[in-house]
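Worksheet: the structure to be examined is printed underneath.
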Amino acid sequence: MKLKTPVIGGICKSTQGRDEGRYYIICAIENDVVYLTDGNFKKLQSPKKKNVKHLYLLPEKSESIGAKILDGRQVFDTEIYSALKSYNYPKPDSGEIKSNKE
């Protein structure tokens with residue numbers, strides 16, 4: 001289910017551009033433009049500016065990070081990276097390690 005309006009702390013997926021398929025947390029909103037961070041490539045100090053129509057807004061939200069941003073408390077990039085780790089870096093399905101020697 002896609003949300004209609006972005007919220008601070010919300011999780012979204014990029015649908016356009018060279019970062020297509022990448023997940024971000026929304027850290028600021030201005031009209032039809034949002035500022036995104038993933039804690040790895042796009043840090044909180046220099047967020048990515050992206051048009052809302054180029055995003056898929058997920059119903060999930062990082063409550064703790066969103067509350068910290070709204071309160072003006074310090075948020076670390078490692079917190080953001082950890083919150084998005086399961087989205088951007090999913091675990092492989094099989095626990096088996098394949099070798100090229102066989």
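It should be emphasised that the depicted structure is a prediction, and the values quoted were computed from it without experimental measurement. The analysis underlying the following values was restricted to heavy atoms, covering all of them including side chains, and did not include hydrogens, waters or symmetry mates.
When every heavy atom of C12 is checked against every heavy atom of L57, the shortest pair comes out as CB-CD2, 3.8 Å. Closest approach of D77 and K43 over heavy atoms only: OD2-CD, 3.3 Å.
In the hydrophobic cluster analysis, where Ile, Leu, Val, Met, Phe, Trp and Tyr join through side-chain heavy atoms closer than 4.5 angstrom, L70 is grouped together with I25. Both Y56 and V34 are part of a single hydrophobic cluster, where members link through side-chain heavy atoms under 4.5 Å apart.
We find that K48 and D38 are not joined by a salt bridge, their nearest charged nitrogen and carboxylate oxygen being 4.0 Å or further apart. The pair K49-E30 fails the salt-bridge criterion, with no side-chain N (NZ, NE, NH1 or NH2) lying under 4.0 Å from an Asp/Glu carboxylate O.
Other residues, nucleotides and ligands contribute over 12 non-hydrogen atoms within 6.0 Å of the NZ atom of K61. By the 6.0 Å contact criterion, CD on Q45 is open, its count of non-hydrogen atoms from other residues, nucleotides or ligands being 12 or less.
Note: K85 NZ to N40 CG = 10.5 Å, rounded to the nearest 0.5 Å. One finds the CD1 atom of I26 at 10.0 Å from the CD1 atom of I69 (value rounded to the nearest 0.5 Å). In this structure, the separation between CZ on R22 and OG1 on T15 is 15.0 Å, given to the nearest 0.5 Å.
A donor-acceptor pair is defined here as one N or O able to donate and one able to accept, closer than 3.5 Å; no such pair exists between the side chain of D71 and the backbone of R73.
Side chains of I65 and I80 form a contact here, defined as non-hydrogen atoms less than 4.5 Å apart. For the pair K50/Y35, no side-chain contact is recorded, criterion being any heavy-atom separation below 4.5 Å from C-beta on. Put simply, the side chain of L55 does not reach to within 4.5 Å of the side chain of K13, judged on heavy atoms. Within the 4.5 Å cutoff, no side-chain heavy atoms of C27 are placed close to those of L36.
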_Check against side chain to side chain contact (heavy atoms under 4.5 Å, CB included), L58 and Y23_ = CA-CA 10 Å; L58 295 163; Y23 290 88; 3.6 Å; yes
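When ring centroids are compared, Y89 and Y81 come within the 6.0 Å threshold.
There is no side-chain donor-acceptor pair under 3.5 Å between N88 and Y24.
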